[in-house]
J.: 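Below is a structure I'd like to ask you about.
In this text the structure is predicted, and so the values were computed from the model without any measurement. Per chain, numbering begins at 1; letters A, B, ... match sequence-line order.
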Amino acid sequence: MKVIIAEKPSVARELAKVFGANTKKAGYIEGKGFTFTWAFGHLLQLAPPQDYGFYGWRAQNLPMLPAKFKLAVRKIKTKDGVVEDPAVRKQLDVIKALFEECTEIIVATDAGREGELIFRYIYYYLKCKKPFRRLWISSQTDQAIKDGFRNLKPGTDYDTLFYSAHCRSESDWLVGMNATQALSISAGNRAVLSLGRVQTPTLAMICSRFNEVKNFVPETYFQVAIQLKKDESLFRAISAKNYKTKEEAEEVLEAVLDLARGYEKGARVEKVEAKAKKEPPPLLHDLSSLQQEANKKKGYTADQTLGILQQLYEGKLVTYPRTGSRYIGDDIFASVPDLIAKFKDHPLFGKQAQVLSSQKLNKRSVNAKKVTDHHAILPTGEPAGHLSSDRQAVYDMVVGRMLEAFHEECLKETTKITLVSGALFTANGTVIKQAGWRAVFNDKDEDKKDEDNATLPAVLKDETLVISNKAILERQTKPKPLYTEATLLKALETCGKDIEDEELRYAMKDSGLGTPATRASIIETLIKRDYIKREKKSLIPTDMGLAVYDVVKTKKIAQAELTGAWEKRLEEIKAGASVADFKAEIAEYTKSITQELLKAGTALAPITVKAKA
DNA sequence: GCAAGGTC
């Protein structure tokens, strides 16, 4: 018997279906000489400090550098404290029995670094010696699965991938556990002051933006607005220049030849620029873009959206949600017309689904090369039935985005009218000629200011127009906005892009900080630590968060570059570079950051006393 | 009591 192990039940079911195996047992499916079993993500984790004899949180223990890491069954928190997760233990027992029985293991965890680690941790924890081969597929259509099984790779081909995954895991433990204890201890051991490769740069981003806003000095400036009349329509134009003082603006205002001053047609059209613009449809959603949209439209937190999506996924209404890809492959695309047809009677989207059924689909979201372990989020087409309002809202975002993504471009015409009346004035307008994908939600373009979205009347060069009104506008420069969950998620995704060092920037280009599956929990961790809080839609630091930021802001652990540097080395390890060298560097860094924090954290003692009181 | 990573 051969046993196939997947990362999660849904994938195991999919594989079993392709093989025609359908005898369901507790924790596995069998048939046709194969057994399909699964993990639930990471079943095992690196054992906590006490498993190496580091009891309590004491400076003498630091730095904790286990000679050899141990694995422990994943824990959950219950009212009786932290215990082994019984479901995980049970599944491990199932896997153990199957591994003992089998002649060969086929590794079908997700095709990536963590997928490899999930399997290897199980394999080594169970002290299994059975031979294994690797299934490496990036799409789960029947054809891709069949091809993948015909083309299984030797398990050892992925040894270096495992080494890089293992290094990632141990390095995060070493730096995170030691830095956390060092800071907490030196601040008086009254509160958990956690630090980590991902959470600390995230905190730093929130704090630095907050400080920027707090220290921002707004500057007042002035504009002159005129109201013009062409036949029966009115529109507004704004001075081409901004003025620093009210006096300057008043001079310009005075010079305007308006009706009140007796000028029948005091404005002359200097220039009319009309441009046709094609606006392509948005890409399909990945988890992050959906979390951002749900936060903007409905105010859901990233964590809530992930939870809702997980429920929809378990209800088989949407495809795998924790994806970082906004694309699908050609195989999935082939099934899209049928999928769209299933929404022809949908109360909200039925009409657009029908429209789409009769036109050529836009292929902007179709690119097999940009599909990583999972493709973009799509509805499955299963009948949804009655859903709670939040599930319905998120489901509609998935369905609506699918219709948008395969829709035609939106055709717009933008117009810029330049006028002279004393000074120069401009009016910007946009007219949607053909809604295309924008017909799905009929939303306005939220990135644009209202005044740029005005509908302007047709005017000709050198035509003269009535100025029916004029005014001075007092404006203020604005700071960048505080982070919301939506903008923070975006920033986490893209934060590697402005790193100066070219190699580090390259190493982070596909990753950013954290992963789609973990970003929501990073935000929740910072809130749980009392480092940040939600205020309306914004995320703002607490006094504690700001104090921690002050201590670590110049250190490597607070920089996104640290992840870039690690990614670069991990990529090299994957390509065969020395593991020992990287481990030695991490041990060195662990020692130095621990020493620094053991001294630096004393500055935080007063604030932890206050927090405790 | 602690990281980041995965997922029911």
Side-chain angles (χ1 to χ4, degrees), chain A residues 6-12 27 38-51 54-58 61-64 69 74-77 81-82 85-88 90-91 109-110 112-122 164-185 187 189-202 287 306-307 309-311 313-315 320-324 373-374 492 511 513-522 524-526 528-530 557 562-563 566-567 570 586 590 593-594 597 608:
Chain A
E7 181 155 327
K8 44 193 168 266
S10 65
V11 174
W38 53 78
F40 310 117
H42 277 296
L43 300 182
L44 298 156
Q45 52 192 184
L46 296 177
Q50 61 267 30
D51 286 25
F54 303 121
Y55 298 109
W57 290 36
R58 296 162 15 167
N61 284 341
L62 303 187
M64 304 175 287
F69 275 94
R74 189 213 294 165
K75 308 282 196 294
I76 46 166
K77 280 188 177 143
V82 179
D85 184 332
V88 167
K90 200 171 153 202
Q91 191 62 15
T109 47
D110 290 355
R113 195 165 76 195
E114 290 304 319
E116 191 63 29
L117 191 62
I118 285 171
F119 166 69
R120 300 278 182 135
Y121 273 177
I122 295 170
S164 82
H166 198 200
C167 282
R168 199 282 306 148
S169 178
E170 293 188 352
S171 304
D172 275 326
W173 190 104
L174 287 169
V175 172
M177 295 290 190
N178 281 293
T180 297
Q181 287 202 14
L183 187 67
S184 305
I185 290 166
N189 235 337
R190 288 178 206 90
V192 175
L193 300 179
S194 68
L195 298 174
R197 171 180 59 85
V198 176
Q199 62 171 266
T200 305
T202 306
L287 174 62
L306 177 56
L309 272 170
Q310 176 68 21
Q311 292 166 343
Y313 170 63
E314 285 168 27
Y320 180 76
R322 289 179 212 83
T323 175
D373 351 4
H374 304 281
L492 290 176
S511 57
L513 266 183
T515 70
T518 58
R519 285 182 192 129
S521 69
I522 296 290
E524 297 304 318
T525 297
L526 293 175
K528 196 166 101 193
R529 297 274 175 270
D530 197 21
I557 197 168
L562 180 64
T563 291
W566 286 21
E567 286 300 336
L570 293 171
I586 294 293
T590 301
I593 184 77
T594 305
L597 290 169
T608 59

J.: By the 4.0 Å heavy-atom rule, please label A:Glu116 as base, sugar-phosphate, or nothing.
T.: nothing

J.: A:Ala517 near the nucleic acid: base, sugar-phosphate alone, or nothing, with a heavy-atom cut-off under 4.0 Å?
T.: base

J.: Could you tell me whether A:Gln45 contacts a base, only the sugar-phosphate backbone, or nothing, with contacts defined as non-hydrogen atoms closer than 4.0 Å?
T.: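 It contacts base atoms.
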
J.: What contact category does A:Val192 fall into here, base, sugar-phosphate, or nothing, at under 4.0 angstrom with non-hydrogen atoms?
T.: base

J.: Could you go through A:Thr518 and A:Thr515, starting from their C-alpha distance and side-chain angles, then the distance that decides it, and tell me whether this counts as side-chain hydrogen bond (donor to acceptor under 3.5 Å, both in side chains)?
T.: CA-CA 5 Å; A:Thr518 58; A:Thr515 70; 3.1 Å; yes

J.: By the 4.0 Å heavy-atom rule, please label A:Arg168 as base, sugar-phosphate, or nothing.
T.: base

J.: Taking for each residue the nucleotide of DNA chain B with the nearest heavy atom, is it A:Pro516 or A:Met64 whose nucleotide lies nearer the 5' end?
T.: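 Nearer the 5' end of the strand: A:Met64.
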
J.: Please identify each residue that fulfils side-chain hydrogen bond (donor to acceptor under 3.5 Å, both in side chains) with A:Ser169, with sequence neighbours left out.
T.: A:Tyr121

J.: Looking for any heavy atom pair under 4.0 Å, which part of the strands does A:Gly514 touch: base, sugar-phosphate only, or nothing?
T.: sugar-phosphate

J.: Regarding A:Arg529, tell me which of base, sugar-phosphate or nothing describes its non-hydrogen contacts under 4.0 Å with the strands shown.
T.: sugar-phosphate

J.: Using a heavy-atom cut-off of 4.0 Å to chain A, what are the terminal contacting nucleotides of DNA chain B, in 5' to 3' order?
T.: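 Reading along DNA chain B, I get B:dG1 to B:dC8.
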
J.: Checking all strands, does A:Lys77 fall into the base, sugar-phosphate, or nothing category for heavy-atom contacts under 4.0 angstrom?
T.: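 A:Lys77: backbone/sugar contact only, no base atoms under 4.0 Å.
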
J.: Just call it for A:Glu114: base, sugar-phosphate, or nothing, with non-hydrogen atoms closer than 4.0 Å on any strand.
T.: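 Sugar-phosphate only.
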
J.: Mind checking what makes side chain to side chain contact (heavy atoms under 4.5 Å, CB included) contact with A:Ala87, not counting sequence neighbours?
T.: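 Side chain to side chain contact (heavy atoms under 4.5 Å, CB included) list for A:Ala87, sorted by chain: A:Asp85.
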
J.: Can you work out whether A:Asn178 or A:Gly41 has the more 5'-proximal nearest nucleotide on DNA chain B?
T.: A:Asn178

J.: Looking at every strand, decide which applies to A:Leu195 at a 4.0 Å heavy-atom threshold: base, sugar-phosphate, or nothing.
T.: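 Counting heavy atoms under 4.0 Å across all strands, the contact made by A:Leu195 is with sugar-phosphate only.
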
J.: Under the rule for ring-ring contact (aromatic ring centres under 6.0 Å, His included), what residues qualify as partners of A:Phe54, not counting sequence neighbours?
T.: none

J.: List the residues meeting side-chain hydrogen bond (donor to acceptor under 3.5 Å, both in side chains) with A:Glu7, not counting sequence neighbours, and say none if there are none.
T.: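 By the side-chain hydrogen bond (donor to acceptor under 3.5 Å, both in side chains) rule, A:Glu7 matches no residue at all.
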
J.: Go through the structure and list residues passing side-chain hydrogen bond (donor to acceptor under 3.5 Å, both in side chains) with A:Gln310, not counting sequence neighbours.
T.: A:Glu314, A:Arg322

J.: With sugar-phosphate meaning primed atoms plus P, OP1 and OP2, does A:Pro9 contact a base, only sugar-phosphate, or nothing at under 4.0 Å between heavy atoms?
T.: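 Here A:Pro9 touches the backbone only, sparing every base.
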
J.: Look at all strands and tell whether A:Phe119 reaches a base, only sugar-phosphate, or nothing, counting heavy atoms closer than 4.0 Å.
T.: nothing

J.: Using a heavy-atom cut-off of 4.0 Å across all strands, would you classify A:Ser194 as base, sugar-phosphate, or nothing?
T.: sugar-phosphate

J.: With a 4.0 Å cut-off on heavy atoms, is A:Asp110 in touch with a base, just the backbone sugar-phosphate, or nothing at all?
T.: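 Sugar-phosphate, backbone atoms only, no base.
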
J.: Could you tell me whether the side chain of A:Trp173 reaches within less than 4.5 Å of the side chain of A:Gln45, counting heavy atoms only?
T.: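 No. Closest side-chain heavy atoms not under 4.5 Å.
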
